[in-house]
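Working notes, beginning with the structure itself.
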Amino acid sequence: FYAVSLGRLLGAPAIAVDPDPWARRVTRDTARANGFDQLQVLSQVDRGWLAALPAGALVVIDCDGCEIPLLRAPVPKGLTRCTLVVELHDDESCGANEVIATALAASHTLESIPSVDAPSTPADAHFLTEDLQRLAVNELRPKQSWLVARPRMGA
């Protein structure tokens with residue numbers, strides 16, 4: 001969803017990464033259904049791959065617990081030149097927020113955005129029952145936060 005939506009919105013090539021073959025297939029299907037042909041889908045990346053990212057890339061990381069292995073200090077060089085949006089789950093990965101913020105602080109300005117309660121009724125969901133509408137906008141897990149990290153000039 002992130003790769004296809006942001007790629008279309010920004011008019012830029014996108015790369016989606018997911019180890020699950022089903023998720024990769026659905027991502028490709030989503031891109032095809034939305035007429036987005038600038039998508040590359042990978043099964044995994046590592047810190048070496050991140051080190052080679054070009055300056056100015058937007059990197060959205062929502063990997064449910066593997067943020068620390070990817071973002072621990074020293075931060076891969078490519079990431080120091082990219083804007084990052086990272087979903088953090090401190091309840092699942094105790095200390096993740098602090099470890100990642102500390103690693104990125106030297107190269108990025110940081111902004112933490114807490115999750116908020118979902119709207120009581122999702123837009124255009126009249127075809128769902130009231131219970132299904134609530135479920136459609138519920139994460140079904142403790143709240144998380146998002147860390148937006150913008151590269152510092154000259155980093």
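More than 12 non-hydrogen atoms from other residues, nucleotides or ligands lie less than 6.0 angstrom from CZ of Arg28.
Residue Val59 comes nearest to Leu53 through the heavy atom pair CG2-CD1, 3.7 Å, listed as atom of the first residue, atom of the second, then distance. In this structure, Leu39 and Ala31 approach most closely via the heavy-atom pair CD2-CB, 3.6 Å.
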Residues Leu132, Phe127; criterion side-chain contact (heavy atoms from CB on, under 4.5 Å); working and verdict: CA-CA 10 Å; Leu132 287 177; Phe127 56 90; over 6 Å; no

Steps toward side-chain contact (heavy atoms from CB on, under 4.5 Å) verdict (Thr30, Phe36): CA-CA 8 Å; Thr30 300; Phe36 183 65; over 6 Å; no

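Between the side chain of Thr80 and the backbone N or O of Lys77 there is at least one donor-acceptor pair closer than 3.5 Å. Side-chain atoms of Arg81 do not come within 3.5 Å of backbone N or O of Pro54 as any donor-acceptor pair. No side-chain donor-acceptor contact under 3.5 Å links Arg32 to the backbone of Thr27. Side-chain atoms of His108 come within 3.5 Å of backbone N or O of Leu79 as a donor-acceptor pair. With hydrogens and angles ignored, the 3.5 Å screen pairs a side-chain donor or acceptor of Arg152 with a backbone N or O of Ala105.
Applying the salt bridge (charged side-chain N to carboxylate O under 4.0 Å, His left out) test to residues at least two apart or on different chains, none of the pairs has a partner in residues 44-57.
Looking at Ile61 and Val85, their side chains never come closer than 4.5 Å, going by heavy atoms from C-beta outward.
For the pair Arg72 and Glu67, the salt-bridge criterion is not met [side-chain N within less than 4.0 Å of a carboxylate O].
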